[in-house]
Amino acid sequence: MAVSPPVCDFGWKAPDFTLPGTDGCTWSLDQIAGPKGTLIMFICNHCPYVQAVMDRIVHDAAALQAEGIGVAAISSNDATAYPADSFANMAAEAQRHGFCFPYLYDESQAVARAYDAACTPDFFGFNNRLELQYRGRLDASGRQPAGPEVKRELYEAMRLVARTGKGPDDQIASLGCSIKWRAA
């Protein structure tokens, strides 16, 4: 079932975290934060919405890093119930797609809960003071990628954040698979 997160809560501060990455390093929010902003993406390996745009995510992440935006992706899904989202499979996915950003494992799901992540993909774009400025979609893609002429909404929003510290007033929420929470 498709899920959409709530609209952007402008100015909300990014919760701190320290998580293991598929690159063998442990990453904190401070290490990821860029001089002009930070993008935190909640993704996973098995979601068709993520898979439809994975190449675009990697391309736009590299372009945003060149603009001074720090980027990281986090997988918070229950890997016991969804083995495709295991840490070993995350490492393989990062290598297969040539991730230029840390891919972090939120095994306890505490970070997803702190961010109130709702779906994969779920994008959180912060300014250089780690204040939320964008919580919208990558682009108009859904379970299938949109055409090549599609507006790069996330990329353009984060470029605006890098230049002005503010995100666009009008944002369209992301759409994707629900976070796969552990049974309580």
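Reckoned from all heavy atoms, side chains included, excluding hydrogens, waters and symmetry mates.
Remark: side-chain polar atoms of Asp16 are not paired, donor with acceptor, to backbone N or O of Ser28 under 3.5 angstrom. Here the side chain of Asn77 pairs no donor or acceptor atom with the backbone of Ala79 at under 3.5 angstrom. A donor-acceptor pair under 3.5 Å is absent between the side-chain atoms of Arg113 and the main chain of Ser108, judged by distance alone. Remark: the backbone N or O of Ser76 is not paired with any side-chain donor or acceptor of Glu107 at under 3.5 angstrom. With Gln51 contributing its side chain and Asn45 its backbone, the two residues share a donor-acceptor pair below 3.5 Å. The backbone N or O of Gly165 lies less than 3.5 Å from a partner atom in the side chain of Asn127, making a donor-acceptor pair. Side-chain atoms of Asp139 do not come within 3.5 Å of backbone N or O of Glu153 as any donor-acceptor pair. Using modelled atom types, one side-chain atom of Asp106 and one backbone atom of Ala110 make a donor-acceptor pair closer than 3.5 Å. In this structure a side-chain-to-backbone donor-acceptor pair under 3.5 Å is missing from Tyr105 to Leu19. Panel note: side chain Asp60, backbone Leu154; no donor-acceptor pair is recorded below 3.5 Å.
The distance from atom OG of Ser86 to atom NE2 of His46, rounded to the nearest 0.5 Å, is 12.5 Å. Distance check: Met54 CE to Tyr49 OH gives 15.5 Å after rounding to the nearest 0.5 Å. Between atom CG of residue Leu132 and atom OH of residue Tyr115 there is a gap of 9.5 Å, rounded to the nearest 0.5 Å.
Between Glu93 and Arg96 there is a salt bridge, since a side-chain N of the basic residue sits under 4.0 Å from a carboxylate O of the acidic one.
Tracing side-chain contacts under 4.5 Å through hydrophobic residues (I, L, V, M, F, W, Y), one reaches Val53 starting from Leu64; they form part of the same cluster. Placement of Leu29 and Leu104 within a single hydrophobic cluster is found when ILVMFWY residues are connected by side-chain heavy-atom separations under 4.5 Å, directly or transitively. Residues Tyr155 and Phe99 share a hydrophobic cluster, clusters being chains of Ile/Leu/Val/Met/Phe/Trp/Tyr side chains in contact below 4.5 Å. Leu39 and Leu130 fall into different hydrophobic clusters, defined by Ile, Leu, Val, Met, Phe, Trp and Tyr side-chain heavy atoms under 4.5 Å apart, directly or through other members. The hydrophobic clustering, which links ILVMFWY residues whose side-chain heavy atoms are closer than 4.5 Å, places Ile40 and Ile43 apart.
Counting heavy atoms from C-beta on, the side chains of Arg56 and Leu138 come closer than 4.5 Å. Put simply, the side chain of Arg159 does not reach to within 4.5 Å of the side chain of Lys36, judged on heavy atoms. Taking the side chain as every heavy atom from C-beta outward, Met41 and Ile74 never approach each other to under 4.5 Å. Side-chain contact between Phe101 and Gln65 is present, with heavy atoms from C-beta onward closer than 4.5 Å. The shortest distance between side-chain heavy atoms of Pro121 and Phe42 does not fall below 4.5 Å. Residues Gln133 and Cys8 fail the side-chain proximity criterion, which asks for heavy atoms closer than 4.5 Å. Looking only at side-chain heavy atoms (C-beta outward), His97 and Asp55 come within less than 4.5 Å of each other. A heavy-atom distance below 4.5 Å is not found between the side chains of Asp78 and Trp181.
In plain terms, the two heavy atoms of Phe87 and Pro20 that are nearest each other are CE1-O, 4.1 Å. Shortest non-hydrogen contact noted between Ala52 and Pro145 is O-CB, 3.4 Å. When every heavy atom of Ser141 is checked against every heavy atom of Ala146, the shortest pair comes out as OG-N, 2.8 Å. Between Leu160 and Lys166, the shortest heavy-atom distance links the atoms CG-O, 3.4 Å. Residues Glu67 and Ala162 come closest through the heavy atom pair O-CB, 4.2 Å. Scanning both residues, Gly136 and Gln171, for their nearest heavy atoms gives N-OE1, 4.0 Å.
The cationic atom of Arg135 (NZ for Lys, CZ for Arg) does not lie both less than 6.0 Å from the six-membered ring centre of Trp12 and within 45° of the ring axis.
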- Task: Determine, stepwise, if the pair Gln109 / Lys180 fulfils side chain to side chain contact (heavy atoms under 4.5 Å, CB included).
- Result: CA-CA 10 Å; Gln109 301 183 319; Lys180 306 308 183 209; 5.7 Å; no
- Go through the steps for Ser75 and Cys44 under the test side chain to side chain contact (heavy atoms under 4.5 Å, CB included), then give the verdict. CA-CA 5 Å; Ser75 179; Cys44 72; 4.0 Å; yes
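The distance between the ring centers of Tyr134 and Phe124 does not fall below 6.0 angstrom.
More than 12 heavy-atom neighbours from other residues, nucleotides or ligands sit within 6.0 angstrom of CD on Glu156. In this structure, Lys13 places its NZ atom where more than 12 heavy-atom neighbours from other residues, nucleotides or ligands lie under 6.0 Å away.
With no hydrogens or angles considered, no side-chain donor-acceptor pair links Tyr82 and Asn89 at under 3.5 Å.
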